[in-house]
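Values reported hereafter were calculated over all heavy atoms of this structure, with side chains retained and with hydrogens, waters and symmetry mates removed. Predicted, not measured: the structure shown is a model, and the values here were computed from it.
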Amino acid sequence: MANLNLAKEDLLFLVHNYYGTIVMVAVFSIGATFFISKAWTRTSSTENSQIPGQLGLPFIGETLSFLAANNSTKGNYEFVRLRRLWHGKWFKTRIFGQIHVFVPSTEGAKIIFSNDFVHFNKGYVKSMADAAGANSMFSVPLENHKRIRRLLSDPFSMNALSDYVQKFDKMLCKRLKKLEEERKSFVLLDFCTKITCDSICNMLMSVTDESLLQNIGNDCSSVSDATISFPFMIPGTRYYKGIKARQRLLKTYREIIDRRRSGKEASEDFLQSMLERDSLPPNEKLSDAELMDNLLTMIISGETTTAAAMMWSVKFLDENREVQDKLREEQLSIARNKPVEASLTLDDISKMSYGWKVAKETLRMSNIVLWYPRVVLSDCKIEGHEIRKGWYVNVDATRIHYDPDLYPNPMKFNPSRFDEIQKPYSFIPFGAGPRTCIGINLAKLTMLVFLHRLTSGYKWTVDNMDTSLDPKGHIPRLRSGCPVSLRSLKDGR
Ligand code: HEM
């Protein structure tokens, strides 16, 4: 009690003697609080300007929900789908400390793709740069990117790939026949991954030795898994396994390059066309480091994407028998006009107009690359939405491909919708602008040869109807890998 009285007395004493000071401190505190809160509101409202969304705690934001979606059988896009339901077409979120805006429109896609390298750039992901390499097209700065793309583009032109069509066709016919003879169910995704990897290695470096192909295939899968991972060299982690696999692959490439240079080995292939530039000035050739990193980049970017697209085409055709029948009709009419056992040519491919629509519809619906992230290099506006330097804008290809205004009844697998010409930036499975997929032609040819041989030679049944997605993959793939059984059309079984 005595203490309390003393305290009261002290207080009265203080108020009496320091009245002026107390009033000043109070006024200052109220003022400061007012200005700080104003400034805070201004900052967050500019940061958040117009685009709704949940940024959550600094750094963490919605990372945990993002990771949960990544590891679920509904797939990564579930994270985006739910936020669209909650916040609307445009929304923003914070993942791994970065603010991401999901851009849902063709207008937005146009602005971003046509200003790539100027106002936007591919964000630097350490694990990606470490796994694919500092000289990979994924990681190099603008000037090097331009030169590397220019030099790599020729071997991927349609005409240059004529040889590829015949080689891939032969490889495919042989393997499908073997599977059909075995009369066993097989996992289609594994089959497609192996054959695309083998055929790309064959096209790039003429590798045909089975055990070497097996090693390259396994190591490329490990590198691919490491491209999006926590970049810490801890044994047992995805990153560690990927970096070790990368070292083995580079050693293999080094040995092949050395054998070619010493004249112990010669082949007509992509690698040879690059080595023939050895005597040219530096801006007309690739250094060995660039060559090796990009050999690796092309295998890892080509194999999983193309294999997933092949798998989805079979799944969609299985669910849409009338489309399958129409496709088979087109492919049989091409086959009937060729000598038995003759390989396909580019001329045959050019007759597969319905086949290409089936492939396009497969790419529209499967969205192998769900969205394309770009880091914003300077403050800008996209369709009236303020976007700040340092944020990420993700061109949401999946939203665009399922937009009912662009694709009526978007859930229906309907290849004939491609009878009509597409609005610019409405069909972007291979991206657009200076970073458009360099392997478009290769992917197109691979899918068409596959669809031809499958539908003109076989019927199939899908042996597992589970539609859940592989929780480990960065791209949508069936968890089951889509097991199928083949039967020859000739058998009539
Ligand atoms: C169906 C199969 C494929 C799909 C859906 C696909 C999709 C894509 C997409 C969307 C991009 C651009 C990503 C972005 O803008 O951020 C891209 C880039 C790339 N793709 Fe493909 N791709 C496929 C097959 C291939 C193949 C067969 C190769 C092999 C050569 C390949 C090599 C590359 C490379 C090297 C890049 C990076 C290009 C650059 O940054 O300049 N892709 N791909």
Side-chain angles (χ1 to χ4, degrees), residues 69-70 74-85 87-91 100-114 116 120 301 304-320 323 327 354-374 382-383 392-433 435-437 439-440 443-444 447-448 451 467 469-470 473-478:
N70 265 288
K74 286 185 178 170
N76 297 5
Y77 199 71
E78 187 62 5
F79 175 85
V80 180
R81 195 187 67 81
L82 287 176
R83 274 144 195 86
R84 279 251 154 70
L85 277 180
H87 308 302
K89 247 171 102 174
W90 283 76
F91 77 91
H100 286 253
V101 174
F102 280 78
V103 177
S105 61
T106 51
E107 293 79 1
K110 180 179 175 188
I111 291 174
I112 294 168
F113 285 135
S114 53
D116 225 351
F120 309 96
S301 14
T304 38
T305 47
T306 315
M310 288 156 82
M311 183 210 73
W312 284 114
S313 67
V314 172
K315 177 76 177 150
F316 293 139
L317 286 172
D318 190 61
E319 289 165 355
N320 296 275
V323 176
L327 176 65
Y354 191 66
W356 180 225
K357 287 173 198 161
V358 169
K360 283 167 91 174
E361 184 68 340
T362 299
L363 293 166
R364 178 189 75 80
M365 287 194 69
S366 58
N367 291 297
I368 307 293
V369 184
L370 296 163
W371 62 80
Y372 311 134
R374 295 292 187 270
I382 303 181
E383 288 186 75
Y392 276 73
V393 279
N394 298 328
V395 178
D396 189 345
T398 309
R399 168 66 178 70
I400 292 173
H401 289 158
Y402 277 83
D403 183 340
D405 293 335
L406 299 168
Y407 296 100
N409 199 0
M411 303 305 283
K412 171 116 187 80
F413 185 76
N414 172 20
S416 297
R417 65 171 87 245
F418 286 98
D419 291 348
E420 285 175 24
I421 293 171
Q422 261 44 62
K423 199 179 153 194
Y425 298 93
S426 63
F427 182 67
I428 48 171
F430 295 104
R435 284 191 180 274
T436 308
C437 175
I440 290 186
K444 175 177 177 178
M447 287 182 79
L448 286 176
L451 287 174
T467 53
L469 299 180
D470 175 8
H474 328 304
I475 57 175
R477 297 182 296 200
L478 286 170

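Shown here for Pro104 and Arg84, the closest heavy-atom pair between the two residues is CB-NH2, 3.6 Å. In terms of heavy-atom proximity, Leu363 sits nearest to His401 at O-ND1, 4.4 Å. Closest of all the heavy-atom pairs between Gln422 and Arg417 is NE2-O, 4.2 Å. Of all non-hydrogen atoms in Ile400 and Ala109, the two that sit nearest each other are CD1-CB, 4.1 Å. Taking every heavy atom of both residues into account, Pro476 and Ile368 meet most closely at CD-O, 3.4 Å. For the pair Asp405 and Asp403, the tightest heavy-atom approach, listed with the atom from each and the gap, is N-OD1, 2.9 Å.
In this structure, Asn367 contributes its side chain and Leu370 its backbone to no donor-acceptor pair below 3.5 Å. Between the side chain of Arg477 and the main chain of Ala308, no donor-acceptor pair closer than 3.5 Å is present. Looking at Tyr407, its side chain does come within 3.5 Å of a backbone N or O of Ser426 through a donor-acceptor pair. Panel note: side chain Arg364, backbone Ile428; no donor-acceptor pair is recorded below 3.5 Å. Using a distance-only test at 3.5 Å, with no hydrogens or angles considered, no donor-acceptor pair links the side chain of Arg435 to the main chain of Gly431.
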**OP:** Mind running side chain to side chain contact (heavy atoms under 4.5 Å, CB included) on Leu327 and Leu317 for me, showing each step along the way?
**Re:** CA-CA 9 Å; Leu327 176 65; Leu317 286 172; 3.7 Å; yes
**OP:** With side chain to side chain contact (heavy atoms under 4.5 Å, CB included) as the test, would you mind laying out the steps for Phe316 and Val323 before giving the verdict?
**Re:** CA-CA 9 Å; Phe316 293 139; Val323 176; over 6 Å; no
**OP:** Take Phe91 and Val101, measure what side chain to side chain contact (heavy atoms under 4.5 Å, CB included) needs, and give me the verdict at the end.
**Re:** CA-CA 6 Å; Phe91 77 91; Val101 174; over 6 Å; no
**OP:** Check the pair Phe102 / Trp90 against ring pair (Phe, Tyr, Trp, His ring centres under 6.0 Å), numbers first and verdict last.
**Re:** CA-CA 6 Å; Phe102 280 78; Trp90 283 76; over 10 Å; no
Subject >> Criterion side chain to side chain contact (heavy atoms under 4.5 Å, CB included) on Lys412 and Asn320, from CA distance to verdict >> reply: CA-CA 9 Å; Lys412 171 116 187 80; Asn320 296 275; 4.0 Å; yes
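With rounding to the nearest 0.5 angstrom, the CG atom of Leu469 is 11.0 Å from the NZ atom of Lys74. To the nearest 0.5 Å, atom CD of residue Glu78 and atom CG of residue Asn70 are 12.0 Å apart. To the nearest 0.5 Å, atoms CD1 (Ile111) and CG (Asp116) are separated by 13.0 Å. Atom CE of residue Met311 and atom OG1 of residue Thr362 lie 10.0 Å apart, to the nearest 0.5 angstrom. Interatomic distance, Met447 CE to Lys360 NZ, rounded to the nearest 0.5 Å: 12.0 Å. Between the NZ atom of Lys423 and the OG1 atom of Thr106 there is a distance of 3.5 Å, given to the nearest 0.5 Å.
Ring geometry, Phe113 versus Tyr425: the interplanar angle falls under 30°, so the pair is classed parallel (tilted spans 30 to 60°). Taking the six-membered ring where the residue is Trp, Tyr392 and His100 present parallel rings, their angle staying beneath 30° rather than reaching 60°.
Counting only heavy atoms from C-beta outward, the side chains of Ser313 and Leu451 approach each other to under 4.5 Å. With contacts defined as side-chain heavy-atom distances shorter than 4.5 Å, the pair Tyr372/Asn394 does not qualify.
Summarising the local packing, CG of Leu85 is surrounded by more than 12 heavy atoms from other residues, nucleotides or ligands at distances under 6.0 Å.
When each of Ile112, Val103, Val395 is paired with Arg374, the side chain to side chain contact (heavy atoms under 4.5 Å, CB included) condition holds for Ile112 and for no other. Among Phe427, Phe413, Trp356, the one residue that satisfies the ring pair (Phe, Tyr, Trp, His ring centres under 6.0 Å) test with Phe418 is Phe427.
Salt bridge annotation for Glu361-Lys357: absent, with no cationic side-chain nitrogen under 4.0 angstrom from a carboxylate oxygen.
Taking the ring axis of Tyr402 as reference, the NZ or CZ atom of Arg399 does not stay both within 45° of it and closer than 6.0 Å to the ring centre.
Side-chain contact annotation: Tyr77 with Asp396, donor-acceptor N/O pair under 3.5 Å present.
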